[in-house]
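Data first, discussion second: the structure below is written as C-alpha cells.
When reading the values below, keep in mind they use all heavy atoms of this one structure, side chains included, and skip hydrogens, waters and symmetry mates. Both counts, for ligands and for their atoms, begin at 1 and track the order of listing. One is the number of the first residue; the rest follow in order along the sequence.
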Amino acid sequence: MPEVILPRTFAMIKPDIISSGREEEVLNGFNIAAQKKIHLTIDEAKSFYKEHEGKPFYETLTSWISSCSPIIALILEKEDAVQAWRQAIGPTNSIKAKEEAPDSIRAMFGTDGSLNAVHGSDSLESAEREINFFFSTPNGSQPHILVTQDDI
Ligand code: RTP
Ligand code: MG
C-alpha cells in the first residue's frame, strides 16, 4: 500500500511547558515526524524570530526561549496541519485564550501574552522555512524519522 503523505507544520514547545514536565500532553492527534530537544542560544532565538525584530516584545521573547529550559522543535503531520495546530494552540495571548478558547493549549498551559507555551507556523511558507531552520541537513533533505539531539 502506498505511504500516505500528510501535510506538515512546525511546532515549538516553549520553556514554560517543559519546566512543568507536561510537554507530552499537548500533541494528541498529531503525528510526530521529527523532534529535537534544543537549548537555543540567544543568536539562534533572534534568528528564528527575526520577523519580530524591533517589536517591543522581541528582547523578552528571545531571552526567554534561549534561557532556563530547552525547547522542543517538532515537525507535526495531520490533515490541514498548519490550521489544525493553530486551532489547537489558540490565541497568542494566554489570558485571551482562557476566555475565548478554554480548551486550547495556550489556555491550559500558558500565562500571558509572552509566556504562551507553544509556537505554531502561521502559513505553509512559514512552516517550510521553520522546518528548514531546525531540521535541514547538508544535502537539503528532511528527516522523516524521530530525531532527538541536543544541539541544533
Ligand atoms: P508564535 O509565532 O509563537 O506561534 O505566536 P503567534 O504567531 O500567535 O504570535 P506572534 O505575533 O508571531 O508572536 C510571537 C511570540 O511573541 C510573543 N509575544 N509577546 N507581550 C506581547 O505583546 C507579545 N506578543 C507576542 C509570544 O510568545 C508569541 O507567541
Ligand atoms: Mg507567529
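Each of the atoms 4 (O), 6 (P), 7 (O), 8 (O) of ligand 1 lies under 4.0 Å from some heavy atom of Arg86. Listed by number with element, the atoms of ligand 1 under 4.0 angstrom from any heavy atom of Tyr49 are 2 (O), 3 (O), 14 (C).
The closest side-chain heavy-atom distance from Ser94 to Asn116 is below 4.5 Å. For the pair Leu74/Phe30, no side-chain contact is recorded, criterion being any heavy-atom separation below 4.5 Å from C-beta on. In this structure the side chain of Phe48 never reaches within 4.5 angstrom of the side chain of Leu40, judged on heavy atoms. Inter-residue side-chain proximity for Phe109 and Ile89 is flagged as unmet; no heavy-atom pair is nearer than 4.5 Å. Glu79 is listed as a side-chain neighbour of Leu6, based on a closest heavy-atom distance under 4.5 Å. Trp64 places a side-chain heavy atom less than 4.5 Å from the side chain of Leu115.
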Practice problem: Determine, stepwise, if the pair Glu23 / Lys14 fulfils salt bridge (charged side-chain N to carboxylate O under 4.0 Å, His left out). | Solution: CA-CA 9 Å; Glu23 61 269 26; Lys14 294 181 176 179; over 6 Å; no
Self-check item: Residue pair Glu99, Lys96: steps toward the salt bridge (charged side-chain N to carboxylate O under 4.0 Å, His left out) verdict
Solution: CA-CA 5 Å; Glu99 291 162 6; Lys96 188 174 165 196; over 6 Å; no
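Contacts of Met12 with ligand 1, taken as heavy-atom pairs under 4.0 Å, are absent altogether.
Proximity of Asp122 to ligand 1 is not established, as no heavy-atom distance is less than 4.0 Å. Ligand 1 has at least one atom lying under 4.0 Å from a heavy atom of Arg106. The closest approach between any non-hydrogen atom of Lys14 and ligand 1 is below 4.0 Å.
Distance from atom 11 (O) of ligand 1 to its nearest protein heavy atom, with residue and atom name: His52 CE1, 3.6 Å. Shortest contact from atom 1 (P) of ligand 1 to any protein heavy atom: His119 ND1, 3.0 Å. Among all protein heavy atoms, the one lying closest to atom 19 (N) of ligand 1 is Gly113 O, 3.0 Å. When only non-hydrogen protein atoms are considered, atom 28 (C) of ligand 1 lies nearest to Asn116 ND2, 3.5 Å. At the shortest separation from atom 27 (O) of ligand 1 among protein heavy atoms lies Ser114 O, 2.8 Å. The protein heavy atom nearest to atom 15 (C) of ligand 1 is Leu61 CD2, 3.7 Å. With respect to atom 8 (O) of ligand 1, the closest heavy atom belonging to the protein is Thr92 OG1, 2.5 Å. Atom 22 (O) of ligand 1 has as its closest protein heavy atom Phe57 CD2, 3.9 Å.
No more than 12 heavy-atom neighbours from other residues, nucleotides or ligands sit within 6.0 angstrom of CD on Gln87.
The shortest N/O to N/O separation between Gly120 and ligand 1 falls below 3.5 Å.
When atom types are taken as modelled, the side chain of Ser121 and the backbone of Phe10 share a donor-acceptor pair closer than 3.5 angstrom.
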